[in-house]
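Comments concern the structure below.
From a predicted model like this one, the values you see are computed outputs, not experimental measurements. Proteins come first, then strands; the chains are lettered A, B, ... in the order of their sequence lines, and each starts at number 1.
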Amino acid sequence: MNASEAFLTGAVYLALALLSLSFLVTVLRVVRGPTLPDRIVGLDMLVAVAIGFIAVIGIKTGVTLYVDVAIALGLVGFLATVAFARFVMNRGRDREVDGELQSGSEPLEHRRPEASS
Amino acid sequence: MIDIIQNYLAGILIIVGSGFALVASIGLLRLPEFYTRMHAASKAGTLGSGVMLIALAVYTDETTIATRALAGFVFFLLTAPISAHLLAKAAYAAGYPLWEGSVHDEMPQQSRDPDA
Amino acid sequence: MRTVIFRTTAPYLTSLMVLFSVFVLLRGHNEPGGGFIGGLIAASAFAIYGIACGVAPVRRALYFHPMGLAGFGLFLSAMSGFVSLAKGVPFLTGIWTSVNLFGVSLDLSTILFFDIGVYFVVVGSITSIALALEERERD
Amino acid sequence: METALAGLVGLFYAVAIYLMLSKHIIRVLLGIVIFGNAVNMTIFTAGRIVREVPPIIPAGAERIESVVANPLPQALILTAIVISFSFFAFLLVLAYRAYQELGTDDTDEMRVAEPEGESLPPLGY
Amino acid sequence: MTIYLINILLALAWVAVTGSATISNFLFGFVLGAGALYLIREQAGSLGYFRRTRRVVSLFALFLYELVLSSWRVAVLVVQPRMDLKPGIFAYPLKVDREFEITLLANLITLTPGTLSVDVSEDRRFLYVHALDCSDPDQTRLDIANGFERKIMEAFR
Amino acid sequence: MAAPGATSIDTAAAHIAGATALADWLVIAPVALPILGGALLLMVRHRTRVHAVLAFLFLFASFLSSAFLLARVVSEGPLVMTMGRWLPPFGITFNADVLGATFATAATFVATVAAVFALRDINVTGRRYGFYSFLLLMVAGVDGAFLTGDIFNLYVWFEVFVISSFGLLVLGSERRQIDGATKYAVLNLVATTVFLITTGMLYGTFGTLNMADIARKAEGLRETGPLMTIATLYLLAFGMKAAAFPLNYWLPASYHTPRIVTSALFGGLLTKVGIYALLRTMMTLFPVEREVLSGLIGWIAVATMLLGILGALAQSDVRRIIGFVVISGIGVMLSGLALGTPLGVTGTILYAVHSILVMTALYLLAGLMHEAGGSYSLHETAGLYRSHPLLAAMALLLVLAAAGLPPLSGLWPKVMLVKASIESGAWWLASAILVSSILTVIALGRVFALSFWRMDAGETVERTDAERAISPGAGYGVLAALIVPAIAIGVYPEPFLRLAAAAAAGLADPASYLDAVFPPGGGS
């Protein structure tokens, strides 16, 4: 084991530690909120951290099968964010008071049912 | 020789990348509100994971893995700004206000209309 | 989401994702991947297309009705099980053959066709659900 | 490892059942999703967790010479995931439709099919 | 556009001649073909091709530079004990008008930390940008106009 | 990572070497044909004209194949086919024994008949929506459940028919339907998930999922393994599916909401799959545990049949009355399972076949009554005897059949069950069966009395004759096709009794079943 490999091993462990820390910090933000977009940003960040994990583990173990998983994860994360953005836009802010979601029992007034689909 | 360069480069890159990821998550925690948090998360975070993917591409000896890792990086570069933009736009349109310490708002009010 | 930025990039992203989904489908033989996950990726590609540009362009782009695609996939999968009838081995046994096409040897198997069928089932059913919801949302 | 996973499975079941007892249909759905994941982990744990290589026969070989992980739980979980995914997709659409058509996501108020205070059948002949 | 095609054809010819169809060989052939095209630049009218390539590369270099620089700035800002924030949204008057260019500009702005494009106005004349440091919007506008926007206009017109 | 005791897997030894005869494909034909048909119909969804014809052809073909399969199984013993040549426990086995083949034959027969009835009930929109595809896929799921020999595969088939049944349930998207479908979907999802949990535990205990293999290994594990837990959980899961007390209120909440032909299929087929799964797991896999649970099952049976039929007495909607009658029938079937004697199980099997035919027929009858009288409500229909004498005659026959009176199919299984319970000294069970029969006569007799005999309803409803039937004759023909076998079982029961007895014998003594999956001297 020469110096460069030792350096890489140390770097991998350091990176894993940093990533774990940032994972925890991000989870804290997701839990805390306080608004829905905050949580969405946090989830987005979690995807990024997960991809970082995949890359580092790929270097550490040489198992690079997961690179495609990383790409797919990026795709899914993108789709999720887009869908959440749509949701935020459609719902508006009125139902969210002080970061607490009111339980959605209010009836819809503007969308009336049609008889058939 | 090339092994040694690969190892050092990959090591530096993953440290940089994870450092960026950590900074991004700290920013996510410390910054005061949603719009400013978004700066930290959707960019420094993306940069962090992207740099780590590049590290993987540098480290591996297989061309297919390297190209795939790079493809993943490019894909992030494509999607990250779009999702950030959409989320910011949606949040603004939905009426989430800017932080009270903000100094400037030139956004016209009619684009708060959810259909815009 | 009527925004220029999303609408100009979404079609290219969609084609990129469809390409990736086919890649995932075809590599599903001895590495992670396969019809189901490939189909999901393709379906999410269409969902993004639909969110960005509306449902009608997606329907036009697909040409067939999504449920028709799902039916085709189911049919393909079921039929690939019947190939083994000719060989006198049980249902769904993998049959391999090598086709020589323009000098390139191509390994075909019933398993591959089964997987392609799964891909179409997933693409068709998930896309049809997504499009139906999206249409309802827009009205 | 089994112990940790067993604890996690128990936690998942607890959360899932708590959510499923809610009267809001969306919470019930979320509970069902967690329920499904708990089940998948149960199967995973039941298949004996070992750190082995994937059960793939290398090219050119006729058999695997080393100890391999048990492929069956993975196949089962994959099947279960696919099924619960399609199930969930359907249920989501259904809940959404129900919310639109019935104007509520409260299961106590969903009494269209069984209206309250139905009259008894005629008693005379 | 045809120049690209010719370059790719040259690369394919290189692959065919050398007889090894690998990606690296193709890329090598592409670079060689570009060199060959450079030799006949006056006849083939490929002068613009190389100028444009140079400008795209320079745009990309500017982007990387901005990315690293402002990432660093945001990183420093975030870990400072007392954050000095003056965020805000400013309107940026667009000179570029094609959809593709607007998209590219907006994405580049978003990717560089410190600025985030929130929306494009309906008439596509303004880009609304959220900035972490909005104490001097005019300076930021000027930076974008002289930086990314100018490079984009140079590269794609 | 070379662990001690490394074993290698020889793929050649894990494969079945011999060729499969063409005739063995009969095992999967009842499943594969409807799947192919369903897929084909999805592909031609715009050509609504050919839907009914294609669906009928595929269903009839699968009915024929399952009938041939039954004939072959009766004469030659269980028939086995292992998918993809992988030996169990890796490969999935399909094996048809008398029980599975009998149920499959009855199910495909009912489905074929219902497909004809659907000509009247389902319009072009419904066809385009995919009614026939869902119907075929549901039949495939039900047949698959009857014929598979792998417990996880059983779960898969459960899901296949449950998901298809969702599609059928919301066809039309009325508010009522969506309400009913939500409850049906959630409850069924929970039931199948419990099924899956139990299967996971089962796999953890036995290391195999092949039912024959489990039955073989259960002997050695009886002392140590948590078999009792597994058996109880299966009872819970399948009891929920079969609508046994106290987990049965999803059935009356949802079965009356869809189109009448869908209700008929649900009432006829779906709960019986739960009964089949209970029979299979309790009798073949866990006979000893069933012995312990028999008291519990017995009380569940009594509660189900009595509360079910009491519920029927309180309803005024014909379809909901029938829904409760279905539940009551489940109770009767469970009583045979509780007894566990050959006679009792034979009674259960015969009753299940009877119930598949008669419950479907009852729902279809309700549909025809609606057509004739303009309403499903007992308050609003009257005097159908005058206007529709033929319908009245059939209704009378069906009431007799459902109540278990001679000369129809309900009589013999009830006689057997009562006799079996008296033999086992379970007087309470026998009396519960008799009481529930009497109450069934009252509940259904009232339908007959009010809707057919009563001259004039107090409050007549506006007749909405906008959508008249294509031809009433087809509806009567379909009903007759269901009543004829019911009469046949009633007046000429010997072959059916022999069949059910053979099925029960195969269930209680799985030796032949095991031999078919694991041929002596061969296999793993």
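- Between E:Val129 and E:Val118, every side-chain heavy-atom pair lies at or beyond the 4.5 Å cut-off.
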For C:Val83 and C:Phe113, run side chain to side chain contact (heavy atoms under 4.5 Å, CB included): C-alpha distance rounded to whole Å, both residues' side-chain angles, the deciding distance at 0.1 Å, then the answer. CA-CA 11 Å; C:Val83 175; C:Phe113 285 102; over 6 Å; no
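- Exactly one of C:Leu25, C:Ile111, C:Val121, C:Val22 qualifies for a side chain to side chain contact (heavy atoms under 4.5 Å, CB included) with C:Ile116. That residue is C:Leu25.
- Between E:Phe63 and E:Phe148, the ring planes lie tilted relative to each other; the angle falls in the 30° to 60° range.
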Give every donor-acceptor pair between chain E and chain C closer than 3.5 Å, one pair per line, or write none.
| from | atom 1 | to | atom 2 | distance (Å) |
| --- | --- | --- | --- | --- |
| E:Thr103 | OG1 | C:Thr8 | OG1 | 2.6 |

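- Under the ring pair (Phe, Tyr, Trp, His ring centres under 6.0 Å) criterion, C:Phe46 pairs with no residue, sequence neighbours left out.
- Side-chain contact check for E:Leu94 versus E:Ile102: some heavy-atom pair is nearer than 4.5 Å.
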